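As C-alpha cells, the structure follows; a few thoughts come after it.
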There are 2 protein chains.
Amino acid sequence: MDTNKVKFEKASVTVDVLIFTVEERDLKVLLVKRANKPFANSWAIPGGFLLKGESLDEAAFRILIDKTGVTDVYLEQLYTFGDPERDPRGRVATVSYFALIPFKKFAEPSSPKVSEIKWFSIKDIPSLAFDHNKILRYALSRLRAKVGYSNIVYGLLPERFRFSDLQKLYEVVLNKELDKRNFRKRMFNLGLLESTGEKEVSGAHRPAMLYKFKSREVVFFD
Amino acid sequence: MDTNKVKFEKASVTVDVLIFTVEERDLKVLLVKRANKPFANSWAIPGGFLLKGESLDEAAFRILIDKTGVTDVYLEQLYTFGDPERDPRGRVATVSYFALIPFKKFAEPSSPKVSEIKWFSIKDIPSLAFDHNKILRYALSRLRAKVGYSNIVYGLLPERFRFSDLQKLYEVVLNKELDKRNFRKRMFNLGLLESTGEKEVSGAHRPAMLYKFKSREVVFFD
DNA sequence: CCAAAAGTGTTATTGATACACCCATGC
DNA sequence: GCATGGGTGTATCAATAACACTTTTGG
C-alpha cells in the first residue's frame, strides 16, 4: 500500500463516562444537556477532553467526580469510538467508561458549566448527541453480560440492602423476572454476601434482613 | 475543580494489532523489530498511526493486511492505553486490537519499512518496546476468557481440522490439559461443528476425521 | 383480620468430571 | 506385530429450574 501521500492526523481524545445507578428500583443513567454547539440542547453522555499529563483513567475519574461528587465507585473502560464522522468539529476519538454508583451517594454537581443534568431511566432514553445512543447500547450490553459472571452490582447498591433489592436490581438489569427461591440459593452459594444481623425499619409487612457484600472488590465467578 | 489554566492536549492515536496464530500446535504472536527510534531494534506489537479519514477498525484492518496479507480474519478491539508517559515522543493513545488468523493463510508482508517480522511463541516473549508486554498480557487474558464462552478459535484454525488439533489449541490457549472424551462431548453438544466426511491423508496411525465449524461467525454460549 | 412483602424445600433435569480400553493405519 | 494417534461410554456429582405455602408486621 502506498502511504506516502497520506497524512497522519492528530486527534482530540475525549473521555465519556456512562454513570449508572438504581433509584426507585429502576436502572438509570446520568445525562447532561449540552450548552454549546455541536448538538446544543441535546442530551449527551457526560465527558470531556483529555487534559495535559492526565491518564485515561484519571480523566474518567475527574469527569465522574465533577458530575456526581462520588469517589467510591466501580469504574471500567468500555470501548473506544473513533469514526472520522462522529464529531462535526473534527477528528475526535472517545474512550468510553462506565461507572456504577449507589444513588444515595450522589450529590448535585459542582460544575457550573453544565446547563442541566438528569437521571434517565434506561427504558426512556431520548435521542442523544453524537453517536451516544450507540455507546449507551454498548454499555448496557456489557453491563448485562458482566453481572452474570461477577459481583459488580455491589457498585449500584448502598452498603446494606434487602435481598429483594438485590433481586430487583438483577431483574431490572437483565430485563427478566427471576425466581425468588432459586435466586437466593444461588446468591448464598456464591458466598459473596453476609447478613448484617440488622433488620430494616419496616413498613406494613414483615421486616427484611439487611445484607452486605463481604468485599467491595470485583470478584469473578463461573 | 478549576480547569481554567489547564490545557487540552491533542494526542496522536495509534492502533496496535496483536496478531495470533497457531503453528506447530503452539500459540504464537506476530512481532516486528522496530527500525526507528524510540526503542529502535526492540521487538514490538505491529501498529501505526491513524490516517486521515480512517476509522479505528479500518486502521486495524490495514495494519493486519500490511503485515500478513490476510483478509478473512477475526478482529476485535481490545483496550485503549493512554498513560501520558507511555511514549517518549509525546502524548500517544493506543487503541489495541487482537486478530486471530490461521497460520496457513499467512503471507510474507509486503511492507518494505519493517526491518524484521517474526512469530513468537507466547511462552517465549522478549522484553518489548513501550508498554507492549502489558498489552500482550491483557490480550492473552481476554483471549483465554473468550474461548470459554465463544467459538472464536475458528479464527485460528484452517477451514478443516482434526479434532485433536482443536483440543490441542484449547490446551495451548488455556494452558492446561483437557480430557479427550469430555472435550469431544462438550464440543459436539454445542452443535457448532460438523464433520466434512473426509479423512486426513494420514501418517502411521488411524486416519482422523476432518471437521469444520458450521459457521465462521462469532457465536456466544453459556 | 387483611394487605404486603419476607422467607423457606423438594424434585427433576442438565452439564461437568473422572476414568481405560479398542481401532485403523504405516512400517 | 508394534508404534502411533484416533475414537468411544458410564457412573457420580453439582448446578439449575420449576413450583406454593407460611410468617411477620402495620393498620
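Naming: A, B, ... by sequence-line order, numbering from 1 per chain. Owing to the predicted nature of the structure, the values given are computational and were not obtained by experimental measurement.
Between the side chains of B:Arg86 and A:Ser55, no donor N or O sits under 3.5 Å from an acceptor N or O.
Distance, B:Leu178 CG to C:dC19 P: 15 Å, rounded to whole Å.
Using a 30° and 60° split on the angle between ring planes, A:Phe220 and A:Tyr149 fall in the parallel class, below 30°.
Within the 3.5 Å criterion, the main-chain N or O of B:Ala208 finds a donor-acceptor partner in the side chain of B:Glu200.
A cation-pi arrangement is present between B:Lys118 and B:Phe120 under the rule of less than 6.0 angstrom and at most 45 degrees off the ring axis. Cation-pi geometry between B:Arg142 and B:Phe98 is not satisfied (NZ or CZ under 6.0 Å from the ring centre, within 45° of the ring normal). A cation-pi contact links B:Arg184 to B:Phe163, judged by a cut-off of 6.0 Å to the six-membered ring centre and 45° from its axis.
The distance between the ring centers of A:Phe161 and A:Phe213 falls below 6.0 angstrom.
In the 5' to 3' direction, nucleotides of DNA chain D lying under 4.0 Å from heavy atoms of chain A begin and end at D:dT16 to D:dG26.
The structure places CG of A:Asp179 at 11.0 Å from CZ of A:Phe183, a figure rounded to the nearest 0.5 Å.
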Counting primed atoms, P, OP1 and OP2 as sugar-phosphate and everything else as base, the B/S/- map of nucleotides 4-11 of chain C against protein heavy atoms under 4.0 Å is BBBBBBB-
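Taken over five-pair windows at either terminus, the axes of the helix from C:dC1-D:dG27 to C:dC27-D:dG1 are inclined to one another by 10° (rounded to 10 degrees).
When the shell of 6.0 Å around NZ of A:Lys146 is examined, it contains more than 12 heavy atoms from other residues, nucleotides or ligands. No more than 12 heavy-atom neighbours from other residues, nucleotides or ligands sit within 6.0 angstrom of NZ on B:Lys199.
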